[in-house]
K.L.:
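I have a structure here, written as structure tokens, and I will follow up with some questions on it.
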Amino acid sequence: MLKSKIAIAFFSIFLFVDVIQIHAIENPVKVYKLGVKDAVQLGILKSEALELKNNEIQNYELKYKETRSGLYPSIKAMGTYQRYFEYPSKLDYEKSLQITLNQLVYSFGKVENALIAADKLKDITYLSKTNTSLEITYKIKKAYLNTLLAQELLNITKESYNNANKNKNLLLKSFAYGRVNQRDNLKMDTDIASRVPALKQAEANLMLAKNALKRLLRIEEWQDIVLTDGFTKNFGHFDVTKLLNEMYFEQVNLKILQKNIDLKESLAKLEKANKYPVISAFAGFGYAMNDNEVFFNKLDYYQQLSYIGINVSVPLYEGGKYKHRYDEANLEIDNQKIILERAKLDLKLAFENEILNYQSLLEIYRSNLKTLELAERSFSLSQEKFSFGKLGLLDLNDAELMLTNVRTSVVTTLFKINISLVEIDELLSRQGV
């Protein structure tokens, strides 16, 4: 009985191992090694929002072609079979077969402005697609930088934990020389243990940041990513006046607002044109016959007919409908111009504020680097003095804590500078690095 239980247990273990191996073969862990540009390209390639924009562009292109078809002649074939119950000539049936052609001659701007409006809509959609692509780019860059920050903070936390263990080793060396204090030893163990939760939290933060980046890149959570780029340290100078002038012409949201004004102007002209006549030409060719026969006769019995003409359609009175529409369209143009000017002012203020923020962060970063150099020297000197019994444990821990805090400040400030650079690119509608 015991042997059979052991055999069943071993069989279960082997089966479990085989299932794990099969799952590993079917789902190999793929590692994505990504720089910033690679991440952006991958995100854009897999973006559902851009696919929707492409479909929207195709839709407006079809609408433009549909509007343009109004410029071309329309040809129709028509057959008539008519039964009269009362007719002056006492003929019971009228039959005809003909082909008609209609061609717009002049519409006083109706079709032209409808085409211009359709073209502007298409331009707005293209700009909207560009804007969507840029938004995806900035989101991915920020997520990439967040992951970099989490990774750097984890490294700092690990280094702090390792430093605490090094301090413990120094204390043990002191114990070898007979100068150890049990209270100091307990304090050191407590200090090491207190760093474990921070280490675990840093690991969790990195996982969360990676998962957020994976979602943007449409990467499965069980797949891993390795970041190959670091924080940029190439901090340039910005010519605010020059960049503001460029922003007014190149910023995509401003372009969309300007195109929207152009669209409203075309629609206003279209409403104005509705008050004017529409002139079209028509022509026809066919055969007709009036008789008392129920069925169609041979074509030889039909009379041939052909005609041409001009049709003029004039709106005489519509109760002021078109005038009111035209006034509404002009009012909408004024509103859009106000929105554009307000957007320019908002962007200008946001850009100037971000430049000030960027410059302030640069000053903080330079100050942090000097502080870091001093903190590293202070911690190294504290370790040396502690090993010779010239410094207490509390002072050593304070020196290490100060070093960790300064390292954290340096990395956090560097992260904020990189985020600020992305914000500046976003305000200018630039791709950036």
K.L.:
How close do N146 and A209 get, heavy atom to heavy atom, and via which atoms?
P.N.:
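Answer, listing the atom of N146 first, then A209: O-CB, 4.1 Å.
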K.L.:
How long is the straight-line distance from NZ of K264 back to CD of E332, given to the nearest 0.5 Å?
P.N.:
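Here the interatomic distance stands at 4.5 Å.
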K.L.:
Search all heavy atoms of L148 against all heavy atoms of G230 and return the closest pair with its distance.
P.N.:
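For L148 and G230, the tightest heavy-atom pair comes out as CD1-C, 3.6 Å.
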K.L.:
Would you mind reporting whether V226 and L34 have side-chain heavy atoms less than 4.5 Å apart?
P.N.:
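They are not in contact (no side-chain heavy atoms under 4.5 Å apart), so the answer is no.
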K.L.:
What's the verdict on side-chain hydrogen bond (donor to acceptor under 3.5 Å, both in side chains) for E51 and S47, showing C-alpha distance, side-chain angles and the deciding distance?
P.N.:
CA-CA 7 Å; E51 289 183 14; S47 171; over 6 Å; no
K.L.:
Are the side chains of L428 and Q251 in contact, using a 4.5 Å heavy-atom criterion?
P.N.:
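Q251 vs L428: side chains apart.
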K.L.:
With no hydrogens and no angle check, is any side-chain donor or acceptor of N357 less than 3.5 Å from a backbone partner on N353?
P.N.:
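Side chain of N357 to backbone of N353, a donor-acceptor pair under 3.5 Å: no, none is there.
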K.L.:
Under a 3.5 Å distance rule, please check whether K120 uses its side chain to pair with a backbone N or O of K259 as donor and acceptor.
P.N.:
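A pair under 3.5 Å: no.
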K.L.:
Can you name the nearest heavy-atom pair linking V252 to S429, along with the distance?
P.N.:
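Where V252 meets S429 most closely, the heavy atoms are N-OG, 3.0 Å.
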K.L.:
Evaluate the side-chain proximity of L227 to L213: yes if any heavy-atom separation is below 4.5 Å, no if none is.
P.N.:
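Of all side-chain heavy-atom pairs linking L227 with L213, at least one is under 4.5 Å.
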K.L.:
Drop me the distance from L244's CG to L427's CG, to the nearest 0.5 angstrom.
P.N.:
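Result: 10.0 Å between the selected atoms.
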K.L.:
If you draw a 6.0 Å radius around NZ in K200, do more than 12 non-hydrogen atoms from other residues or ligands fall strictly inside?
P.N.:
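Atom NZ in K200 is not packed in, count stays at 12 or less.
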K.L.:
Regarding S128 and K53, is there a side-chain donor-to-acceptor distance under 3.5 Å anywhere?
P.N.:
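There is such a pair (donor and acceptor under 3.5 Å, judged by atom type) between the side chains of S128 and K53.
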K.L.:
Between N205 and L153, does the side chain to side chain contact (heavy atoms under 4.5 Å, CB included) criterion hold? Intermediate values first, please.
P.N.:
CA-CA 9 Å; N205 290 340; L153 291 178; over 6 Å; no
K.L.:
With sequence neighbours left out, which residue pairs that include part of residues 149-159 fulfil the salt bridge (charged side-chain N to carboxylate O under 4.0 Å, His left out) condition?
P.N.:
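For residues 149-159, and leaving out neighbouring residues, there are no salt bridge (charged side-chain N to carboxylate O under 4.0 Å, His left out) pairs at all.
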K.L.:
How far apart are the closest heavy atoms of L257 and A343, and which atoms are they?
P.N.:
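In this case the closest contact between L257 and A343 is CD1-CB, 3.6 Å.
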K.L.:
Counting C-beta onward and ignoring hydrogens, is there a side-chain heavy-atom pair between E56 and K129 closer than 4.5 Å?
P.N.:
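SC-SC contact between E56 and K129 ruled out.
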K.L.:
Identify the two heavy atoms, one from V312 and one from V314, that lie closest to each other, and give their separation to 0.1 Å.
P.N.:
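The pair with the smallest heavy-atom distance is CG1-CG2, 3.7 Å.
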K.L.:
Taking S160 for the side chain and I156 for the main chain, is one N or O donor matched with an acceptor at less than 3.5 Å?
P.N.:
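Not at all, since once roles are kept as given, no pair shorter than 3.5 Å links the two residues.
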K.L.:
List the steps, then state whether side chain to side chain contact (heavy atoms under 4.5 Å, CB included) holds for D38 with L42.
P.N.:
CA-CA 6 Å; D38 302 324; L42 183 61; over 6 Å; no
K.L.:
How many angstroms lie between atom NZ of K344 and atom OH of Y248, to the nearest 0.5 angstrom?
P.N.:
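Going from the NZ atom of K344 to the OH atom of Y248 covers 7.5 Å.
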K.L.:
Kindly indicate, with the supporting measurements, whether the criterion side chain to side chain contact (heavy atoms under 4.5 Å, CB included) is fulfilled by L414 and N368.
P.N.:
CA-CA 10 Å; L414 187 57; N368 283 342; over 6 Å; no
K.L.:
Quick one: does any side-chain atom of S382 pair with a main-chain N or O of S378 as donor and acceptor, under 3.5 Å?
P.N.:
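Here the side-chain-to-backbone pair exists.
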K.L.:
Going by the rule side chain to side chain contact (heavy atoms under 4.5 Å, CB included), which residues pair with L381 if we only count those two or more places apart in sequence or in a different chain?
P.N.:
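Per chain and number, L381 pairs via side chain to side chain contact (heavy atoms under 4.5 Å, CB included) with E384, K385.
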K.L.:
Between G43 and I140, what is the shortest heavy-atom contact and its length?
P.N.:
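Looks like CA-CD1, 3.6 Å.
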K.L.:
Are there over 12 heavy-atom neighbours, none belonging to I310, within less than 6.0 Å of that residue's CD1?
P.N.:
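Yes, enclosed.
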K.L.:
Look at atom NZ of K46 and say whether more than 12 heavy atoms of other residues, nucleotides or ligands are closer to it than 6.0 Å.
P.N.:
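For K46, atom NZ is crowded (more than 12 foreign heavy atoms under 6.0 Å).
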K.L.:
List the residues meeting salt bridge (Lys or Arg N to Asp or Glu O under 4.0 Å) with E426, not counting sequence neighbours, and say none if there are none.
P.N.:
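If we apply the salt bridge (Lys or Arg N to Asp or Glu O under 4.0 Å) test to E426, skipping adjacent residues, the hits are K142.
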K.L.:
Could you tell me whether a side-chain N or O of T413 sits under 3.5 Å from a main-chain N or O of S409, the two making a donor and an acceptor?
P.N.:
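The answer is yes, because a donor-acceptor pair under 3.5 Å joins these two groups.
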K.L.:
Counting C-beta onward and ignoring hydrogens, is there a side-chain heavy-atom pair between S280 and Q103 closer than 4.5 Å?
P.N.:
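No - every pair of side-chain heavy atoms lies 4.5 Å or more apart.
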K.L.:
Check salt bridge (Lys or Arg N to Asp or Glu O under 4.0 Å) between E328 and all other residues, then give those that pass, not counting sequence neighbours.
P.N.:
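In terms of salt bridge (Lys or Arg N to Asp or Glu O under 4.0 Å), with neighbours along the sequence ignored, E328 is linked to no residue.
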K.L.:
Could you work out, with ring-ring contact (aromatic ring centres under 6.0 Å, His included) as the rule, every residue matching Y307, not counting sequence neighbours?
P.N.:
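Not a single residue meets the ring-ring contact (aromatic ring centres under 6.0 Å, His included) criterion with Y307.
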K.L.:
Holding to ring-ring contact (aromatic ring centres under 6.0 Å, His included), I want the full list of residues that pass it with Y365, two or more places apart in sequence or in another chain.
P.N.:
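ring-ring contact (aromatic ring centres under 6.0 Å, His included) check on Y365 returns F235.
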K.L.:
Let me know which of R430, K255, K242 forms a salt bridge (Lys or Arg N to Asp or Glu O under 4.0 Å) with E250.
P.N.:
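Only one of R430, K255, K242 forms a salt bridge (Lys or Arg N to Asp or Glu O under 4.0 Å) with E250, namely K255.
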K.L.:
Before accepting this row, confirm whether a basic side-chain N of the pair K210/D224 lies closer than 4.0 Å to the acidic partner's carboxylate O.
P.N.:
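Salt bridge present between K210 and D224.
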K.L.:
Does a side-chain heavy-atom distance below 4.5 Å link Y144 with D229?
P.N.:
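Contact flag for Y144/D229 side chains = yes.
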K.L.:
Check whether more than 12 heavy atoms from other residues, nucleotides or ligands sit under 6.0 Å from atom CZ of R218, and answer yes or no.
P.N.:
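Yes, enclosed.
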K.L.:
Does the side chain of L254 reach to within under 4.5 Å of the side chain of F249, using non-hydrogen atoms?
P.N.:
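A side-chain contact is absent here, since even the closest heavy-atom pair is not under 4.5 Å.
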K.L.:
Do K110 side-chain atoms and Y276 backbone N/O form a donor-acceptor pair below 3.5 Å?
P.N.:
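Judged by distance alone, yes, a pair lies under 3.5 Å.
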K.L.:
Sequence neighbours excluded, which residues qualify as ring-ring contact (aromatic ring centres under 6.0 Å, His included) partners of Y326?
P.N.:
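With sequence neighbours excluded, Y326 shows a ring-ring contact (aromatic ring centres under 6.0 Å, His included) to no residue whatsoever.
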K.L.:
I'd like to check the ring-ring contact (aromatic ring centres under 6.0 Å, His included) partners of F238; sequence neighbours left out, ordered by chain and number.
P.N.:
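Only Y358 meet the ring-ring contact (aromatic ring centres under 6.0 Å, His included) criterion with F238.
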K.L.:
Looking at residues at least two apart in the chain, or sitting in another chain, which of them share a side chain to side chain contact (heavy atoms under 4.5 Å, CB included) with E376?
P.N.:
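Per chain and number, E376 pairs via side chain to side chain contact (heavy atoms under 4.5 Å, CB included) with L372, L403, R407.
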K.L.:
Using atom types as modelled and distance alone, determine if a side-chain donor or acceptor of T228 lies under 3.5 Å from a backbone N or O of G35.
P.N.:
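Looks like yes, one N/O pair under 3.5 Å.
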K.L.:
According to salt bridge (charged side-chain N to carboxylate O under 4.0 Å, His left out), does anything in residues 349-369 pair up with another residue at least two apart or in another chain? List the pairs.
P.N.:
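Checked against salt bridge (charged side-chain N to carboxylate O under 4.0 Å, His left out) - neighbours excluded - the pairs reaching residues 349-369 are K348-E352, E363-R366.
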K.L.:
Does some side-chain heavy atom of S107 sit less than 4.5 Å from a side-chain heavy atom of I279?
P.N.:
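Result no, sub-4.5 Å side-chain heavy-atom pair not found.
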K.L.:
Counting only pairs under 3.5 Å, give me each side-chain donor-acceptor contact of residues 266-275, with atom names and distances, residues two or more places apart or in other chains.
P.N.:
| unit_1 | atom_1 | unit_2 | atom_2 | d |
| --- | --- | --- | --- | --- |
| S266 | OG | D262 | O | 3.2 |
| E271 | OE1 | N274 | ND2 | 3.4 |
| N274 | ND2 | L270 | O | 3.4 |

K.L.:
I'd like to know if the side chain of T130 reaches the main chain of Y126, judged simply by a donor and an acceptor atom lying under 3.5 Å from each other, with no hydrogens or angles considered.
P.N.:
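A pair under 3.5 Å: yes.
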K.L.:
With sequence neighbours excluded, tell me which residues meet salt bridge (Lys or Arg N to Asp or Glu O under 4.0 Å) with D119.
P.N.:
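Per chain and number, D119 pairs via salt bridge (Lys or Arg N to Asp or Glu O under 4.0 Å) with K122.
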K.L.:
When you measure from the side chain of N405 to the backbone N and O of L401, does any donor-acceptor pair fall under 3.5 Å?
P.N.:
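Side chain of N405 to backbone of L401, a donor-acceptor pair under 3.5 Å: yes, one is there.
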K.L.:
For the atom pair CD1 (I419) and CD1 (I424), what is the distance rounded to the nearest 0.5 Å?
P.N.:
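CD1 of I424 is found 12.0 Å from CD1 of I419.
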K.L.:
One pair to check against side chain to side chain contact (heavy atoms under 4.5 Å, CB included): Q98 and F285. What are the steps and the verdict?
P.N.:
CA-CA 5 Å; Q98 57 181 308; F285 174 81; over 6 Å; no
K.L.:
To the closest 0.5 Å, what do you measure between CE (M207) and CD (E221)?
P.N.:
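Here the interatomic distance stands at 9.5 Å.
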